[in-house]
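The structure under discussion appears below in the form of structure tokens.
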Amino acid sequence: MSFEKLHLIEPILNALKTEGYTKPTPIQEQSIPVILKHRDLLGCAQTGTGKTAAFAIPILQLLTAEAANSPGPKEIKSLILTPTRELAIQIAESFTAYGRNTGLRHTVVFGGVSQHAQTEALKRGVDILIATPGRLLDLMNQRFVHLQHIKIFVLDEADRMLDMGFINDVKRVIAKLPAKRQTLFFSATMAPEILKLANTILFEPVEVSVTPQATTVDAIKQSLYYVSKGDKKNLLIHLLKDKSMDRALVFTRTKHGADKIVKELVKVGFKALAIHGNKSQNARQNALKDFKAGNTRVLVATDIAARGIDIDDLSHVINFELPNVPETYVHRIGRTGRAGASGIAISFCDAEEKGELKDILKLIGKPIPLVTEHPYPMSATEMAVSMPKKDNRSFSRNSNSSHKSSSHKPAGHKPASSNSWSGDKKKTWSNK
Ligand code: AMP
């Protein structure tokens, strides 16, 4: 399938060529024709699948036709609501890229920065507005934004909106939209609550769904290190000595944890920066810019700050701490291995994180290869005291006799081999 077959107009095809896109991704192939037919869409897709272009391209095409038919002052005809500033900026960058030959104008509004530049851009007139909910409501209340001309509304990352407590803000925005409009609804997961929201705002939607999470994970080379909490920092430093790890995104659970790691890394001479909610918007943007440009080798991030970060050529994702929500693991490692490229995801697991690991394995439905040959293995005592009994036995090398019990096998977790703990340097977190 080519972009030409999707009946895209020349200015957009040329822009896609400039971007170096040769063919649509599955979500684009499914969504673009539906959106071009003015249908509502319920899309189940996460970042990394090409979902931004899946809605941006047809919106640009529909609005280009619309602009040709009704010249006049620019009104906001499409609104894209997204949960984080980083995502908003990335979506705006996509509209800049794909819309460069269309003459359509867009702008982006988000909180945490002065609104002046944003209101100035709005006053000049835009066709497309990309916004986070809080700042949008602010600007609506101040009458800088009017939504009565909206023809196409996109709710991006609906599940994250819910997680982040934005649902009431989202509903307030939706209440101001014209009833007659096209609505595109995207979410990485389709929990009952999400579907309930979708049902209230979509009209006879076409459903599209791509890459079940495990498939996305398949493209990424994952590995797992058992390590004591106190040794994680040393293990990270050890791994960073590998020069092939040219750009690593390290995840921590807390902002404080992120700052602490950066301090330690900088102390031993690595270029590292943190990105989290306590940093100013400028500091976050600069950190991201430095990281993208290759000036900073390690970016240490919390989940919310990193959500949707789109970095080409991100070679490694490192889970310094495992997330409590297993889906977050999939989101985190999805920052690497983008658009079909391969990536490497390394996870540290200490004695207290066995529960999280179990949930992750259950979700992804496959084992994560375990690396035992590293300078900071968990001590036998710690394994004996803290780990479930079976892991303790399995951890000792060449001990096939312990593989019979399955009491600690995560549910839904398929073993890769019957004696995956013995011998090899890389082993599989899997027991029969
Ligand atoms: P997204 O899922 O929207 O975050 O997109 C993930 C990444 O895929 C971004 O870096 C896009 O630039 C890239 N991308 C989107 N569509 C295509 C395509 N058809 N071919 C190659 N790369 C793409």
Side-chain angles (χ1 to χ4, degrees), residues 1-8 12-33 35-36 41 43-61 78 80-100 106 108 128 130 154-160 184-189 208-213 215-217 219-220 247 249 288-289 291-294 299 301 303 305-315 317 327 330-343:
M1 167 70 85
S2 66
F3 280 112
E4 280 81 2
K5 289 231 168 77
L6 293 175
H7 306 291
L8 298 181
I12 294 179
L13 286 174
N14 287 338
L16 296 176
K17 263 188 213 124
T18 311
E19 284 303 295
Y21 296 1
T22 49
K23 61 183 178 62
T25 66
I27 186 81
Q28 292 160 9
E29 206 174 303
Q30 293 180 53
S31 307
I32 292 173
I35 301 171
L36 287 178
L41 184 97
C44 185
Q46 58 189 84
T47 48
T49 56
K51 101 179 133 65
T52 313
F55 64 77
I57 291 170
I59 288 176
L60 286 161
Q61 176 141 333
S78 182
I80 292 98
L81 206 53
T82 193
T84 69
R85 302 178 264 202
E86 283 77 13
L87 274 170
I89 291 167
Q90 277 166 25
I91 294 170
E93 284 170 357
S94 297
F95 273 97
T96 306
Y98 314 139
R100 53 162 61 91
H106 66 269
V108 55
I128 300 154
I130 301 122
V154 181
L155 183 61
D156 186 37
E157 310 245 344
D159 51 348
R160 193 52 41 165
L184 316 175
F185 185 109
F186 288 91
S187 187
T189 52
V208 301
S209 173
V210 292
T211 22
Q213 293 178 331
T215 318
T216 307
V217 170
I220 298 161
R247 228 178 295 181
L249 180 59
L288 201 54
K289 215 158 67 196
F291 187 61
K292 282 186 180 184
L299 192 65
D303 289 303
R307 175 76 185 174
I309 283 181
D310 180 16
I311 301 151
D312 292 335
D313 309 324
L314 174 60
S315 60
V317 163
E327 282 81 8
V330 178
H331 288 140
R332 284 182 179 184
I333 73 168
R335 307 278 75 76
T336 181
R338 291 238 153 169
S342 62

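Ligands are counted one by one from 1 in listed order, and the atoms in each one are counted from 1 as well.
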Heavy atom under 4.0 Å from ligand 1: found in F55's side chain, backbone, both, or neither?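 F55 to ligand 1: no contact under 4.0 Å from either part.
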
For ligand 1, note which part of Q90 has a heavy atom under 4.0 Å away: side chain, backbone, both or neither.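 Q90 to ligand 1: no contact under 4.0 Å from either part.
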
Atoms of ligand 1, numbered as shown, that sit under 4.0 Å from any heavy atom of K23: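 Atoms satisfying the 4.0 Å criterion: 18 (C), 19 (N), 20 (N).
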
Could you list which atoms of ligand 1 come closer than 4.0 Å to a heavy atom of G50?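 Close to G50: 1 (P), 2 (O), 3 (O), 5 (O), 15 (C).
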
Nearest candidate to atom 15 (C) of ligand 1, where distance is taken over non-hydrogen atoms, out of Q28, K51, E93: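 It is Q28 whose heavy atom sits nearest to atom 15 (C) of ligand 1.
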
Would the distance check show the side chain of R247 and the main-chain N or O of G294 forming a donor-acceptor pair, the cut-off being under 3.5 Å?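 No, the answer is negative, given that no donor and acceptor are paired below the 3.5 Å cut-off.
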
For D159, is there any backbone N or O sitting under 3.5 Å from a side-chain donor or acceptor partner on S187?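 Checking the backbone N and O of D159 against the side chain of S187, a donor-acceptor pair under 3.5 Å is found.
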
Could you check if a side-chain atom of L36 sits within less than 4.5 angstrom of a side-chain atom of L6, using non-hydrogen atoms only?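 No; the side chains remain at least 4.5 Å from each other.
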
Is the shortest side-chain heavy-atom distance between I220 and V317 below 4.5 Å?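 Contact flag for I220/V317 side chains = no.
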
Could you pull out every donor-acceptor pair under 3.5 Å between side chains of residues 13-20 and any protein atom, sequence neighbours left out?
from: N14; atom 1: ND2; to: E10; atom 2: O; distance (Å): 3.4
from: T18; atom 1: OG1; to: N14; atom 2: O; distance (Å): 2.9
from: E19; atom 1: OE2; to: R100; atom 2: NH1; distance (Å): 3.4

